[in-house]
There are 2 protein chains.
Amino acid sequence: MSETAARRRATMVEVAHAAGVSVMTVSYTYGRPERVSADTRARVREAAERLGYPGPHPGARSLRRGRTGTLGVVLGEHLTYAFDDPQATRFLSGVAGVCADHGMALTLVPITGGPSDVDRVTEAAVDGFVVWTTADDDPVIDAIAATGLPAVVHGGPRRDGLSFVAVDDRAAAEAVGREVFAGARRPAVLSFPLDRDRISTVTFGAATAGTVPGAASGIDPDATTAGAASGIDPDAATFRVTRRRLLGFRDAWAKAGGEWSQVRVAVCSINSAREAEALAAELLTGPDACDAIAAMGDELALGTLRTAARLGFAVPGDVTVSGWDDTDAAAPAGLTTVAQSLRDQGARCARIALGRLTSTDRDAEVAWNLVRRASTRRSQRRRAQP
Amino acid sequence: MSETAARRRATMVEVAHAAGVSVMTVSYTYGRPERVSADTRARVREAAERLGYPGPHPGARSLRRGRTGTLGVVLGEHLTYAFDDPQATRFLSGVAGVCADHGMALTLVPITGGPSDVDRVTEAAVDGFVVWTTADDDPVIDAIAATGLPAVVHGGPRRDGLSFVAVDDRAAAEAVGREVFAGARRPAVLSFPLDRDRISTVTFGAATAGTVPGAASGIDPDATTAGAASGIDPDAATFRVTRRRLLGFRDAWAKAGGEWSQVRVAVCSINSAREAEALAAELLTGPDACDAIAAMGDELALGTLRTAARLGFAVPGDVTVSGWDDTDAAAPAGLTTVAQSLRDQGARCARIALGRLTSTDRDAEVAWNLVRRASTRRSQRRRAQP
DNA sequence: CTGTTAGCGCGTTCAT
DNA sequence: ATGAACGCGCTAACAG
């Protein structure tokens, strides 16, 4: 029982017939009730009820009207990241808020990492796209541009014809990097994935930028191997956000007089505290244990703090730690971090994609600021912000 | 620059014309490439490229084919809950996983709590619906049933014609309730909202079931007031999950020889650790501080644990605490809880709504089990599970 | 392998 | 206030 197999819908013609009116009268009854006399309206409603007519077919209606009433969201990751990745979740909450305000639905396009992802994008019946951080070489970007629909990319890549929303990750990374690396001797970066391969590694910065063969592509497997062997070249990272943050951290360490090749870089494959705990354990083990860890997300930083506590490291005495995002958990944990609102950025993206923001507003910079707390050593000092 | 206003799409006829072939040849080139000679295919592709044709119009295609390629999800809450509520997020991750497996998109229908929500459901172009816990009196349920599309309700309400997925909340609540209330003298329940009004209160169980006027409706404002004054009547809760868990906790306390009117009930308005901390503070303050708190979610329980720690209460010495869901944070916190996988249940709902589960499978019970940990006193003993 | 026919269900346009 | 015609853009079904 309670069989839910789709039964055939009644159509407008049938309702019109049953009510003894024309099809248009039925259409008006639903779309513009005021243009139909109360009497006929009642007759139509009654006939509809009797036939189990559920109202105008949404697909047919949208074909005719030329809009679908839903905003497409494309992730650079498997669809489940929308609900599993804490940063994506905050961002999408902002998108969802704006959608709800405008009565628009939110369609998550099913990305799996496979080659057919492009087709899924092409087949999505939506009025616009919001793209959540993807790699420079992701083919769905071109597919989205080809639809001609309004589209906004968050985080990267930049592309002509698509709007773009992101903070200045490089500047923010330099700011927090200078904070967390202050007085450090063995700095480390706990990084997001470099490219869509999402390989987890722990290695050092490339000795010299440019010495890594094939560094620019990030696709050539040999290049990847070479990169892992001889160090991380920020420019080889095809995720723009990761790349810019690596560059910013490199800048910060350079300002302190250091070489990028001294910086250990642990790359996690997903943004989870659990994986961070494991990688942090590597960074904090052995005679060369790191004494400063800049993480690209608060979740990673919190995992790092837990590992530090477990291994008996004092923070910031033995090791300093910084995060990114200033999530709710950051303040209680005393975590120095970059404050930015992914929720606001999501809302902003949605507004742009729905055509609710003028083009002058659109390219405005997105705000961020450094929040100094107890997990870094200079937290007591008040310093002007760059 | 980078103007993204929607420009007119080229159509198939235009491409056919430009390529010097019939419309069907263009259609086949996209839908069934193998039926077209490599030569014509190339000509068509080339013409399409030249005209900027982005491929078949998704709306038109779906109208013709009779399916949309997307699964609708309806929340009993504002759309943003999909990303803000940790339980909803886990559930939706399961839904998303199945969608991705089948190349289906996931459309979140924009629920705002307003009266137009029904129209939004009716206008959603989807192939089926998954409904996440809503109130018995929510009108969208009827609207969904009226579409005739396959639909599954998670948590409640039950309705003829719609599939239903949920654990036996009452039995599970009784099981964990007996554990957490064991040896207690002043038990409390930290509850999810009772109905769509989401009023936050702290009060006692109704002295006697049935003495609360209008208890069955939950809509009548007088009844609500009376209910708040004279106590919580589980049967008045219109969220089925909440109702069944309250009943189960009442059962558990009754088995211990207690009266429902002795049980303090704190109702939170949203499922967040932060609100739980505040309510737990109320429960743990004053001369009648509670000594056993059964929470309806792990997040609520973890907030409770934090407050207990802050106020200097030993767990389980001074107060026992239980949660629900066995989330990742439960084990490290030593939290006794009901283990169930919302992710699995989400996947199950999606499969049903997509017609991938036989009707015999569909009504199978969903698994749960009690996990005893250090936050309750009987955690050492091994007892047979009911 | 390619073309022809005939709609999918509705809403804009123009008439009455 | 109501109706008739037409087409939104595409594809199943059947030729040829």
Peer 1: Measure from the side-chain heavy atoms of Ser27(A) and tell me the nearest of dT2(C), dC8(C), dG11(C).
Peer 2: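 My answer, after comparing the listed nucleotides, is dG11(C).
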Peer 1: Just by distance, do the side chain of Asp138(A) and the backbone of Thr134(A) share a donor-acceptor pair under 3.5 Å?
Peer 2: no
Peer 1: Please give, in whole Å, the distance from dC1(C) P to Asp39(B) CG?
Peer 2: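 Nearest whole value for this atom pair: 12 Å.
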Peer 1: Among dG9(D), dT11(D), dG3(D), find the nucleotide with the atom closest to the side chain of Tyr28(A).
Peer 2: dG3(D)
Peer 1: Look only at the side chain of Arg9(B) and the backbone of Gly55(B), and say whether a donor-acceptor pair between them is shorter than 3.5 Å.
Peer 2: yes
Peer 1: Taking only N and O in the side chain of Tyr53(A), is any of them less than 4.0 Å away from OP1 or OP2 of dG9(C)?
Peer 2: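 For dG9(C), neither OP1 nor OP2 has a side-chain N or O of Tyr53(A) closer than 4.0 Å.
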Peer 1: Could you state the CE-C1' distance from Met12(A) to dG3(D), rounded to the nearest angstrom?
Peer 2: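 Value for this atom pair: 14 Å.
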Peer 1: Got a salt bridge between Arg351(A) and Asp101(A), using NZ or NE/NH1/NH2 to carboxylate O under 4.0 Å?
Peer 2: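 Asp101(A) and Arg351(A): not salt-bridged.
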Peer 1: Quick check on DNA chain C: between Ser37(B) and Gly31(A), whose nearest nucleotide comes earlier from the 5' end?
Peer 2: Ser37(B)
Peer 1: Between P on dC10(C) and CE on Met24(A), what's the gap in Å once rounded to a whole number?
Peer 2: 11 Å
Peer 1: Using the side-chain heavy atoms of Arg64(B), tell me which of these nucleotides is nearest: dG9(C), dG3(D), dA6(C).
Peer 2: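 So the side chain of Arg64(B) is nearest to dA6(C).
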Peer 1: Check whether any side-chain nitrogen or oxygen of Thr11(A) sits under 4.0 Å from OP1 or OP2 of dC8(C), and answer yes or no.
Peer 2: no
Peer 1: Is the Lys NZ or Arg CZ of Arg41(A) less than 6.0 Å from the centre of Tyr30(A)'s six-membered ring, within 45° of the axis?
Peer 2: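 Ring-cation test returns no.
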Peer 1: I need the CZ-C1' distance between Arg41(A) and dT2(D), as an integer number of Å.
Peer 2: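 Going from CZ in Arg41(A) over to C1' in dT2(D) covers 14 Å.
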Peer 1: Please round to 10 degrees the angle between the axis of the first five pairs and the axis of the last five pairs in the helix from dC1(C)-dG16(D) to dT16(C)-dA1(D).
Peer 2: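 About 30°, once rounded to a multiple of 10°.
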Peer 1: Which nucleotide in the set dG9(D), dG9(C), dG11(C) lies at the smallest distance from any side-chain heavy atom of Ala60(A)?
Peer 2: dG9(C)
Peer 1: Ignoring hydrogens, what is the shortest heavy-atom contact between Gly20(B) and Arg43(B)? Give both atom names and the distance.
Peer 2: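 Looks like O-NH2, 4.3 Å.
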Peer 1: Could you tell me how far apart Arg67(A) (CZ) and dG11(C) (P) are, to the nearest whole angstrom?
Peer 2: 11 Å
Peer 1: In whole Å, I'd like the distance from the NE2 atom of His57(A) to the P atom of dG9(D).
Peer 2: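 In whole Å, dG9(D) P lies 17 Å from His57(A) NE2.
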Peer 1: NA contact type, Ser62(B), heavy-atom cut-off 4.0 Å: base, sugar-phosphate, or nothing?
Peer 2: nothing
Peer 1: Looking for any heavy atom pair under 4.0 Å, which part of the strands does Val21(A) touch: base, sugar-phosphate only, or nothing?
Peer 2: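 If one applies the 4.0 Å heavy-atom cut-off, Val21(A) turns out to touch the sugar-phosphate alone, with no base involved.
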Peer 1: Measure CZ/Arg35(A) against P/dG11(C) and give the value in whole Å, please.
Peer 2: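 Interatomic distance, CZ of Arg35(A) to P of dG11(C): 13 Å.
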Peer 1: Do Thr107(A) side-chain atoms and Gly72(A) backbone N/O form a donor-acceptor pair below 3.5 Å?
Peer 2: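 The answer is no, because no donor-acceptor pair under 3.5 Å joins these two groups.
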Peer 1: If only side-chain N and O atoms of Thr25(A) are considered, is one of them under 4.0 Å from the OP1 or OP2 phosphate oxygen of dG3(D)?
Peer 2: yes
Peer 1: Between Leu63(B) and Val36(B), which residue's closest nucleotide on DNA chain C lies nearer the 5′ terminus?
Peer 2: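 So the residue in question is Val36(B).
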Peer 1: Is it true that a side-chain atom of Asp127(B) and a backbone atom of Leu71(B) form a donor plus acceptor pair closer than 3.5 Å?
Peer 2: no
Peer 1: Please check this pair: side chain of Thr133(B) against backbone of Gly156(B), looking for a donor-acceptor N/O pair closer than 3.5 Å.
Peer 2: no
Peer 1: Taking only side-chain nitrogens and oxygens of Arg61(A), does any of them come within less than 4.0 Å of OP1 or OP2 of dG11(C)?
Peer 2: yes
Peer 1: Figure out the CZ/P separation between Arg65(A) and dT12(C), and round it to whole Å.
Peer 2: 7 Å
